[in-house]
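Here the structure is laid out as structure tokens; the discussion comes afterwards.
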Protein chains: 2
Amino acid sequence: MAVNKKTEFTELDQKLADMSKAMSHPARIAILRVLAERNTCICGEIVEVMPLAQATVSQHLKELMGAGLIKGTIDGKKSCYCINWEAFKEFNSDFNTLFGDLQTASSNQSCC
Amino acid sequence: MAVNKKTEFTELDQKLADMSKAMSHPARIAILRVLAERNTCICGEIVEVMPLAQATVSQHLKELMGAGLIKGTIDGKKSCYCINWEAFKEFNSDFNTLFGDLQTASSNQSCC
DNA sequence: TTTTATTATCGTATATTTACGATATATAAT
DNA sequence: ATTATATATCGTAAATATACGATAATAAAA
């Protein structure tokens with residue numbers, strides 16, 4: 001049991017699900033807000049603002065990296081993260097396409 | 001350890017995260033597509049189309065219900081599900097607002 | 001070179017998710 | 001009334017996610 005069946009769905013739906021998963025924790029959305037607010041990329045400043053331990057923030061950053069939503073470079077003693085706008089816009093567009101698909105597929109009326 | 005810290009974030013970010021979580025499995029996105037495709041609400045037909053057991057599909061439907069993205073009524077022997085368009089449009093709009101917030105907060109340029 | 005500061009990773013505990021078979025429940029059909 | 005069908009729920013196993021302290025790794029500062 002508990003075998004992974006995710007690969008049995010379309011590439012697009014897997015991609016949408018992966019992006020959604022990256023956004024499925026409020027800490028990660030908050031991190032994106034912090035990254036967007038400051039044009040200069042910070043890192044340790046995120047930890048200060050978050051109600052989470054440094055290790056946990058690092059783990060969330062890693063997930064956002066894995067999904068491609070942020071980029072990072074190690075810059076001396078500090079490391080620098082920022083939003084990957086290309087990936088982000090693609091995500092936004094894929095999502096709006098999904099909404100569009102769903103709405104045009106149906107008559108946009110609920111039957112129950 | 002592993003205490004739930006999700007409530008320490010803003011209501012909006014929690015809401016966005018919850019909606020994202022509902023969309024974070026390709027099976028659930030596929031279910032939404034099926035529901036949108038057929039104007040008449042089905043249920044067992046979903047199971048036929050999915051590479052998952054009936055119990056698992058039922059579980060995914062419950063999650064979509066919990067997030068408010070779909071509505072359901074028990075209609076005799078069968079039960080009837082359909083997309084909750086009001087909630088869905090709100091989700092779409094909240095998401096686009098987030099994208100907008102992030103983009104206007106920054107100069108929309110990555111520094112790394 | 002030693003110390004200090006920043007961040008990543010490891011180990012670990014706990015919580016949650018995913019998946020299914022078995023079973024309960026409830027209606028329709030016979 | 002009995003049988004068949006549809007769906008939800010229970011129990012459970014395995015996988016993932018969340019969270020943190022401790023520690024490693026790395027570079028700047030002293």
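Heavy-atom basis, side chains included; hydrogens, waters and symmetry copies ignored. To find a chain, count down the sequence lines: A is the first, B the second, and so on, and within it residues start at 1.
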- More 5' along DNA chain D: B:C80 or B:N4, using each one's nearest nucleotide?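 Closest to the 5' end, via its nearest nucleotide, is B:C80.
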- Query: For the side chain of A:R28 and the backbone of A:M23, is there at least one donor-acceptor N/O pair under 3.5 Å apart?
  - Reply: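 Not confirmed, A:R28 side chain does not pair with A:M23 backbone.
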- Message: Test your reading of the model: is there a side-chain donor-acceptor pair from A:N84 to the backbone of A:G68, 3.5 Å cut-off?
- Response: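 Yes, the answer is positive, given that a donor and an acceptor are paired below the 3.5 Å cut-off.
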- Message: From the set D:dA19, D:dA17, C:dA22, return the single nucleotide nearest to any side-chain atom of A:E63.
- Response: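 The answer is D:dA17, which lies nearest to the side chain.
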- DNA chain D contacts made by residues 19-32 of chain B, counting heavy atoms under 4.0 Å: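 Of all residues in residues 19-32 of chain B, none places a heavy atom under 4.0 Å from DNA chain D.
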Compare side-chain N and O positions of [X] against OP1 and OP2 of [N] and report whether any pair is under 4.0 Å apart.
{"X": "A:Y81", "N": "C:dA8", "value": "yes"}
{"X": "B:S79", "N": "D:dA8", "value": "yes"}
{"X": "B:S58", "N": "D:dA8", "value": "yes"}
{"X": "A:K5", "N": "C:dC20", "value": "yes"}
{"X": "B:H60", "N": "C:dA19", "value": "yes"}

- Task: State plainly whether the residues B:R33 and A:D13 are in salt-bridge range, i.e. N to O under 4.0 Å.
- Result: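 So B:R33 pairs with A:D13 through a salt bridge.
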- Message: Distance check needed: C:dT18 P versus B:Q54 CD, whole Å only.
- Response: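 To the nearest whole Å, that distance equals 17 Å.
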- Measure the distance from CG on A:L61 to P on D:dA19 and round it to the nearest whole Å.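 Atom CG in A:L61 sits about 13 Å away from atom P in D:dA19.
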- Query: Does the ring center of B:F99 lie less than 6.0 Å from the ring center of A:F91?
  - Reply: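 That pair passes the under 6.0 Å test.
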